[in-house]
Amino acid sequence: MKEFRDIELKWQKKWEKDKVFEAEENRKKEKCYIVEFFPYPSSYGLHMGHAINYSIGDVFARYKRLKGFSVLYPMGYDAFGLPAENAAIKEGVHPRKYTEKSIQNFLYQQKRLGLSYDWNRLIKTCDVKYYKWNQWLFLKFFEKGLAYRTKAPANWCDSCGTVLANEQVEDGECWRCRSKVEIKQLEQWFLRITKYADELLSDLKKLDGWPHRIKLMQENWIGRSQGTEIDFKLKGSNEKLKVFTTRPDTLWGVTFMVLAPENPLVTELVKGTMYEKKTKDFIDKVVLEEKFERTAEDKEKEGLFIGKYAINPVNRDDVPIYIANFVLLEYGTGAVMAVPAHDQRDFEFAKKYKLPIKIVIKPENHDLDPEKMMKAYIEPGIIVNSDKKFNGKKNLEASTEISKYLEEKKLGRKMVQYKLRDWLISRQRYWGTPIPIIYCEKCGAVPAEIPVLLPEDVKFSGKGNPLARNEKFVNARCSKCSGKARRETDTMDSFIDSSWYFLRYCDNKNDKKIFDSKKVDYWVPLDYYIGGAEHAVMHLLYCRFFTKALRDLGLLKIDEPVINLFNQGMINKGGEKMSKSRGNIVDPMSIVDNYGADTLRTYLLFLSAPDKDKEWDDEAIDGVYRFLRKIYSFKERVKVKSSIKDKLLESKLNRTIKEVALDIEEFKFNLAISRLMQLTNFIYNNKENVSLKVFETSFGKILIMLSCFAPHLAEELWKGEGYVCLAEWPDVDESKIDESLEKEEEQTEKIIEDINHVVKLIKKDVKKCFVYTLPKEEKIYKDNIETISMKTNLEIKIFSVNDKNKYDPEKKAAKAKAGKPAIYLE
RNA sequence: GCGGGAGUGCCGGAGUCUGGAAAACGGAUACGGUCGAGGUCCGUAUGGCUUAGUGCCUACGCAGGUUCAAAUCCUGUCUCCCGCACCA
C-alpha cells in the first residue's frame with residue numbers, strides 16, 4: 001500500500017533528522033544496553049533471519065525507552081572476511097569496494113525497516129579506525145604472553161587458502177565453504193585462550209540469563225576432565241613416557257600402550273630399527289589421509305606395534321607400545337595406557353590385535369572371565385589383581401588413594417585436561433587486520449608500529465596471500481634496531497574483530513584510546529544480546545575470553561560481557577530452512593514493498609514466540625496487515641452514538657497495558673500483539689458507543705504500545721506531543737479493571753450466540769425473542785439489551801424467571817440456569 | 001552413544017512453570033450477507049452424534065500412574081529437530 005510506504009519514509013526521515021535515537025550516558029536513568037550480533041554485510045542484503053533478529057531487538061529497545069531507560073542500541077558491520085576477497089578474485093572488484101557497497105545496501109535496508117539504532121555509533125571493522133585497535137590489543141596480548149607464535153599442526157582449508165581455528169572446523173569441513181580440511185605443519189600465531197579455560201568454564205554458572213543449551217555446548221567444548229598423569233619408563237632407556245588417565249585405579253590392568261601416530265616421539269623411537277618404514281607408512285596413511293574420519297566413533301581401530309616396550313611403574317610389567325588411529329595428539333599427552341578390560345576402545349583394540357586382557361576391577365557379586373567378555377567392564381566394582389594395599393577396595397574410592405600414592409612415589413601427579421585448544425588466529429588472506437609484527441634478522445619477532453595499514457594496491461590471483469607478494473608491504477625496518485626486516489603478511493581471524501566490538505560502540509570515535517573506560521563502565525555488560533545459536537562455541541566463547549583478558553589488562557571491570565543472551569528461532573518455509581540452495585528464500589524487502597515495514601516486523605514477531613522456529617506463510621501475513629489497516633482506519637473518527645462502552649473499554653485497556661508489558665519483558669511478543677489485536681477489534685466493533693474523550697485517551701495509549709511493533713503507523717496517528725517513541729509507557733489504572741463488567745460482556749456474547757443458534761435450527765421466520773434470566777442476572781441482560789437486539793436482529797424482551805406477568809406460552813423459563821438464560825422465539 | 005528441545009483443530013500457534021469447563025490470536029477452505037464486478041468488510045461452519053437449544057461422546061504423539069480433577073505432575077515408550085561424539 002503506497003500510503004504506508006509514504007508514512008514510513010516520512011517518519012524514518014524525521015527520526016533521523018531529529019536524532020531521536022541517539023544514546024547518552026544519563027546517570028540519572030537506569031541504563032539498558034541492547035545489541036544484536038552485528039552482521040557480515042553480504043552483497044545479497046538482509047535475509048529474513050536478519051529481519052527477525054533486528055525486529056526482536058528493536059521492539060525491546062523501543063519498549064525500554066518508553067519505560068524510561070537510557071538505551072544504547074547500536075549497529076555495526078563485521079566487514080572483514082573471505083566472501084569479499086573471493087568476490088575480488090572472481091569479479092575483479094576490490095574487497096573494500098565490494099564491502100562498502102554491501103554495507104550501503106545493508107544500511108539502507110535496515111533504515112527502511114525503521115530500526116531505532118543510534119547510527120552515530122556505527123562501526124565498520126574494515127575501517128582502520130577500528131582495526132588499529134585490533135592491532136593494539138594484539139600487541140598488548142603479545143606483551144603479556146597471551147599471543148604467541150609456534151609451529152603446530154594446523155587445520156588447512158585449501159579452497160579458502162588459509163588455516164582455520166578448531167572452532168571453525170565442523171565435521172572435518174570448513175565452516176564457511178564446506179570443503180575438506182587437511183592438516184599442515186605451519187608456524188602460526190595463537191591466542192592463549194586455554195589460560196582462561198577454567199574460568200570460562202566455571203563462570204558459566206554465573207550466566208543465569210543464557211540459554212541452557214548454549215552453556216552446555218560451551219561446557220562440552222571446553223571439556224574439562226580431571227585425572228592423573230603417570231610416568232612410564234621406556235625399557236632400555238631412561239626416557240619417560242607420560243600418559244594422562246582419568247582411571248588411575250586401572251593402572252595394574254595395563255597390557256599395552258598406545259601413542260598418537262603423529263606424536264613426535266614415535267619417529268624418534270623407531271629411528272634405525274626395522275619398524276621405521278612400516279611406521280612411516282602407517283603415519284602417512286592415518287594422519288594425512290584420515291585426519292577427520294579418524295575421530296568418528298565407529299571408525300575401525302587400526303594400530304601398529306613399533307617394537308618398543310615401556311615399564312609399568314607400579315608392577316614393573318613390560319608393556320608393548322603401539323601407535324593407533326584412535327589416539328589423538330591434541331588431547332592429554334598424545335599417549336594412553338591401555339586397559340582393555342575396563343575401556344571399550346582398548347578392549348576392541350586388544351581383541352583385534354590379540355593382546356592380553358587383565359582384569360583389575362570386578363563386580364561385587366561375581367567374577368569376570370577375560371576370555372568370555374564381550375565388552376569392557378566399565379561400571380564401578382572392587383579392585384583385584386593390583387597392589388595389596390588396594391585390593392578389595394571399591395575402585396571409585398581407591399582411585400584418589402592411588403593417585404595420591406603415585407604422587408608420593410613421584411611416579412605421577414594430579415592433572416586437569418581440557419579439550420579446548422589455543423585459538424589459531426593467523427589467516428593467509430588479504431582482507432583482514434594485518435598482524436602487527438616485524439621479523440628482524442637480528443631481533444626476531446618485534447612489535448610493529450601501529451596502525452599497520454592494509455595496503456590498497458594489491459593484486460588478486462586466487463593463489464596464496466596477495467600481501468606476501470606486495471614488496472612495499474613486506475619490506476620493513478626493524479622497530480628496534482632499524483635493521484633489515486620483513487613484515488608478517490598473515491592477517492587476523494575476523495573473529496577477533498567481533499570479540500570486542502560491543503565495547504567500541506560505547507566510544508566509537510575515540511582515536512586516542514581503544515575506548516574511554518568511564519563510558520564503557522557505564523554501558524557494559526550488555527543487558528541483552530540477541531542473535532542466532534550458530535555462534536555458540538565460536539563468537540560467544542571468544543568474546544567471553546576477550547572480556548576476561550581485557551579485564552586483566554586493566555581495561556574492564558567486568559568478568560562477563562553479556563547478562564542475557566537471547567537466541568531467536570530459525571525461519572523455515574515449506575518445513576525447510578530458508579536458503580538460497582533450496583530456493584525457498586523470501587526477500588524481506590519484497591515484503592516491505594508490498595506491505596510495509598510495520599507489517600513485516602509485526603508479522604515476524606506474531607508468527608510464534610521469538611525463540612521458537614517459525615514457518616513462513618505467504619498468506620498469513622494478511623492477518624497482520626488487516627490489523628494495522630484497522631488501526632489506521634481510526635484516523636477518521638466515526639459518529640458517536642453513545643458512551644455505554646466507555647467503562648468496558650477502560651477496563652480492557654488497562655488490563656491490556658498490564659499484560660502487554662509483562663509479555664514484552666518475557667519476550668513473548670506474539671502474545672503482546674494478539675492482545676493488541678483483541679483490544680483493537682473490540683474498539684472497532686464498538687466504535688459508535690465510546691465517547692470521544694475515552695476513545696482518544698485510550699487510543700493514544702494503544703499507540704504507545706503499538707509503537708514498539710509498528711512504529712511508523714503509531715507516529716502517524718499520534719496526537720500527543722513530540723514523538724510517540726519518546727512518550728512514556730502508560731500507567732496501569734488497576735481501579736479501572738472491572739472483572740465483572742468484562743464477564744457480563746462475555747455472557748452477553750454467549751446469549752447472542754445461543755439465540756442465533758436456535759434461530760437457525762428452527763428454520764422459521766422469527767421476529768421476537770423472549771429471554772428468561774435468573775433474578776440476579778436480569779440486570780446484566782437488560783443493560784445489554786440493545787447490543788443483543790442489534791446482533792440478533794430481533795426484538796428482545798427480558799424477564800426474570802420469577803416475574804409472574806412474563807409472557808411464556810411454552811414454559812421455557814424453567815430451563816434457565818446461571819449464566820444460561822432460557823429463550824423463547826416467535 | 002551422550003546431552004538439549006519439541007510433538008495440541010485443515011494450517012501457524014496460545015494454554016504446560018502455578019492441575020480446575022482445551023483450542024486465545026491469526027491463516028486457509030466452504031457457504032451466506034455487503035458490493036455494479038473484483039478487492040474490502042461482516043456473519044456462519046470446518047472430530048462425531050444429537051437437538052427448540054445452551055447436551056453427550058471423542059480428543060493435546062503412544063501406554064500407564066498420581067488425583068475428586070491431568071495437555072499441564074510422575075514413569076515408560078515412539079517420532080522429529082539441534083548440538084557433541086574414539087577426549088584416555
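A, B, ... follow the sequence lines: proteins, then strands. Residue 1 opens every chain.
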Strictly by Watson-Crick or wobble contacts shorter than 3.5 Å, is anything paired with [N], and which nucleotide is it?
{"N": "B:U16", "answer": "none"}
{"N": "B:G83", "answer": "B:C2"}
{"N": "B:U46", "answer": "B:A28"}
{"N": "B:U54", "answer": "none"}
{"N": "B:G76", "answer": "B:C62"}
{"N": "B:C41", "answer": "B:G33"}

Students often get this wrong, so: under 4.0 angstrom with heavy atoms, is [X] touching a base, only sugar-phosphate, or nothing?
{"X": "A:Ala533", "value": "nothing"}
{"X": "A:Asp346", "value": "nothing"}
{"X": "A:Lys630", "value": "sugar-phosphate"}

**Sequence-distant partners of A:Trp616, ring-ring contact (aromatic ring centres under 6.0 Å, His included), two or more places apart** =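 A:Trp616 satisfies ring-ring contact (aromatic ring centres under 6.0 Å, His included) with A:Tyr603 once adjacent residues are dropped.
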For [N] and [M], measure between their [atom1] atoms and round to the nearest Å.
{"N": "B:G20", "M": "B:G32", "atom1": "P", "answer": "42 Å"}
{"N": "B:U77", "M": "B:C25", "atom1": "P", "answer": "39 Å"}
{"N": "B:C87", "M": "B:C82", "atom1": "C1'", "answer": "22 Å"}
{"N": "B:A14", "M": "B:G26", "atom1": "C1'", "answer": "11 Å"}
{"N": "B:G65", "M": "B:A21", "atom1": "P", "answer": "24 Å"}
{"N": "B:U58", "M": "B:C49", "atom1": "P", "answer": "15 Å"}
{"N": "B:G48", "M": "B:C11", "atom1": "P", "answer": "14 Å"}
{"N": "B:U79", "M": "B:U29", "atom1": "C1'", "answer": "29 Å"}

Give the ring-plane orientation class for [X] versus [Y], where under 30° counts as parallel, over 60° as perpendicular and anything between as tilted.
{"X": "A:Phe37", "Y": "A:His535", "value": "perpendicular"}
{"X": "A:Tyr595", "Y": "A:Tyr625", "value": "perpendicular"}
{"X": "A:Tyr322", "Y": "A:Phe256", "value": "perpendicular"}

**Item:** For A:Lys358, all residues meeting salt bridge (Lys or Arg N to Asp or Glu O under 4.0 Å), sequence neighbours excluded
**Value:** none
Spacing of [X] atom [atom1] relative to [N] atom [atom2], expressed in whole Å:
{"X": "A:Asn572", "N": "B:A6", "atom1": "CG", "atom2": "P", "value": "17 Å"}
{"X": "A:Asn567", "N": "B:G5", "atom1": "CG", "atom2": "P", "value": "14 Å"}
{"X": "A:Asp663", "N": "B:G13", "atom1": "CG", "atom2": "P", "value": "18 Å"}
{"X": "A:Leu251", "N": "B:A88", "atom1": "CG", "atom2": "C1'", "value": "13 Å"}
{"X": "A:Met570", "N": "B:A6", "atom1": "CE", "atom2": "C1'", "value": "13 Å"}
{"X": "A:Ile378", "N": "B:C87", "atom1": "CD1", "atom2": "P", "value": "10 Å"}
{"X": "A:Arg345", "N": "B:A85", "atom1": "CZ", "atom2": "C1'", "value": "11 Å"}
{"X": "A:His212", "N": "B:C82", "atom1": "NE2", "atom2": "C1'", "value": "14 Å"}

Quick check on [N]: is either OP1 or OP2 less than 4.0 Å from any side-chain nitrogen or oxygen of [X]?
{"X": "A:Arg629", "N": "B:C41", "value": "yes"}
{"X": "A:Asn325", "N": "B:C86", "value": "no"}
{"X": "A:Lys612", "N": "B:G12", "value": "no"}

**Message:** Main chain of A:Lys641, side chain of A:Glu688: is a donor-acceptor contact present, judged purely on distance under 3.5 Å?
**Reply:** no
Shortest side-chain distance from [X], nucleotide among [options]:
{"X": "A:Arg213", "options": "B:C86, B:G4, B:A14", "answer": "B:G4"}
{"X": "A:Lys419", "options": "B:A88, B:C84, B:U40", "answer": "B:C84"}
{"X": "A:Leu216", "options": "B:G4, B:G83, B:A24", "answer": "B:G4"}
{"X": "A:Leu328", "options": "B:G13, B:G4, B:C87", "answer": "B:C87"}

**Message:** Tell me which one of A:Asp613, A:Asp618, A:Asp617 satisfies salt bridge (Lys or Arg N to Asp or Glu O under 4.0 Å) with A:Lys573.
**Reply:** A:Asp618
**Asked** Heavy-atom count around A:Lys658 NZ within 6.0 Å, excluding the residue itself: above 12?
**Response** no
**Item:** Residue A:Glu739 excluded, over 12 heavy atoms near CD under 6.0 Å
**Value:**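 For A:Glu739, atom CD is not crowded (no more than 12 foreign heavy atoms under 6.0 Å).
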**Non-hydrogen side-chain atoms of A:Thr246 and A:Phe244 separated by less than 4.5 Å** =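 A:Thr246 reaches A:Phe244 side chain to side chain.
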Give me, pair by pair, the N or O atoms of the protein and of nucleotides 25-29 of chain B that are less than 3.5 Å apart, along with how far apart they are.
unit_1, atom_1, unit_2, atom_2, d
B:G26, OP1, A:Asn681, ND2, 3.1
B:G27, OP1, A:Arg626, NH1, 2.4

**Asked** Under a 90° cut-off about 0 for the syn range, is B:G9 syn or anti?
**Response**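 Judged by the O4'-C1' to base torsion, B:G9 sits in syn, the angle falling within 90° of 0.
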**Asked** In terms of the nearest nucleotide of RNA chain B, which residue is placed more toward the 5' end: A:Ser608 or A:Thr333?
**Response**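 Result: A:Ser608.
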